[in-house]
Amino acid sequence: MNIGIRIIYDQDGEIIYRAGEKQGDVLPRKEITELHYIDLEYGAIDYHTHRIVSIDPATKQPVLEELPIFETPE
């Protein structure tokens, strides 16, 4: 399967995100019918200990997952 590039842009035509072309054994892209956004304050999330897995559409808050901490022998 071959899938072309997907470009997400704002109301002024400025490109926000580009998803590159795909080829081979890949899943088709989901159709986008609506786009939303949230702005988080700088430093609101510690990316060393958590990652954003999704956004709760009802509360418009990020859903976080705690990253595992691997202890080394040192």
Side-chain angles (χ1 to χ4, degrees):
M1 174 184 289
N2 294 333
I3 297 176
I5 190 169
R6 175 176 279 177
I7 299 173
I8 298 175
Y9 60 94
D10 69 7
Q11 66 280 359
D12 298 321
E14 182 179 339
I15 293 174
I16 305 299
Y17 177 76
R18 283 175 230 231
E21 293 181 332
K22 299 177 182 184
Q23 181 180 16
D25 188 22
V26 297
L27 297 173
R29 288 196 174 117
K30 179 180 175 181
E31 180 182 349
I32 296 175
T33 58
E34 236 178 84
L35 286 177
H36 299 272
Y37 74 93
I38 62 169
D39 290 325
L40 300 176
E41 294 289 325
Y42 181 82
I45 296 173
D46 182 355
Y47 294 103
H48 296 294
T49 59
H50 292 84
R51 73 180 184 110
I52 300 173
V53 292
S54 65
I55 303 296
D56 183 331
T59 64
K60 298 181 180 176
Q61 294 298 312
V63 177
L64 303 177
E65 177 180 86
E66 190 172 351
L67 296 174
I69 298 174
F70 299 103
E71 297 210 12
T72 62
E74 295 177 3

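Note that the structure is a prediction, hence the values are computed from the model and not measured.
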Has I16 got more than 12 heavy atoms of other residues, nucleotides or ligands less than 6.0 Å from its CD1?
-> yes

For L64, what are the other residues in its hydrophobic cluster, where any two members join if their side-chain heavy atoms are less than 4.5 angstrom apart?
-> I38, L40, I45, Y47, I52, I55

With sequence neighbours excluded, give me every salt bridge (charged side-chain N to carboxylate O under 4.0 Å, His left out) pair touching residues 2-12.
-> none

Apart from I7 itself, which Ile, Leu, Val, Met, Phe, Trp or Tyr residues share its cluster (side-chain heavy atoms under 4.5 Å, direct or through members)?
-> I5, I15

Hydrophobic cluster of V26, others only, ordered by chain and residue number, side-chain cut-off 4.5 Å | M1, I3

For R51, the salt bridge (charged side-chain N to carboxylate O under 4.0 Å, His left out) test, sequence neighbours excluded, returns E65

List, by chain and then residue number, the residues other than V63 in its hydrophobic cluster (Ile/Leu/Val/Met/Phe/Trp/Tyr, side-chain heavy atoms under 4.5 Å); write none if there are no others.
-> V53

Enumerate the residue pairs fulfilling side-chain hydrogen bond (donor to acceptor under 3.5 Å, both in side chains) with a member in residues 21-38, sequence neighbours excluded, ordered by first and then second residue.
-> E34-H36

Got a sec, which residues hit side chain to side chain contact (heavy atoms under 4.5 Å, CB included) with F70, two or more places apart in sequence or on another chain?
-> P68

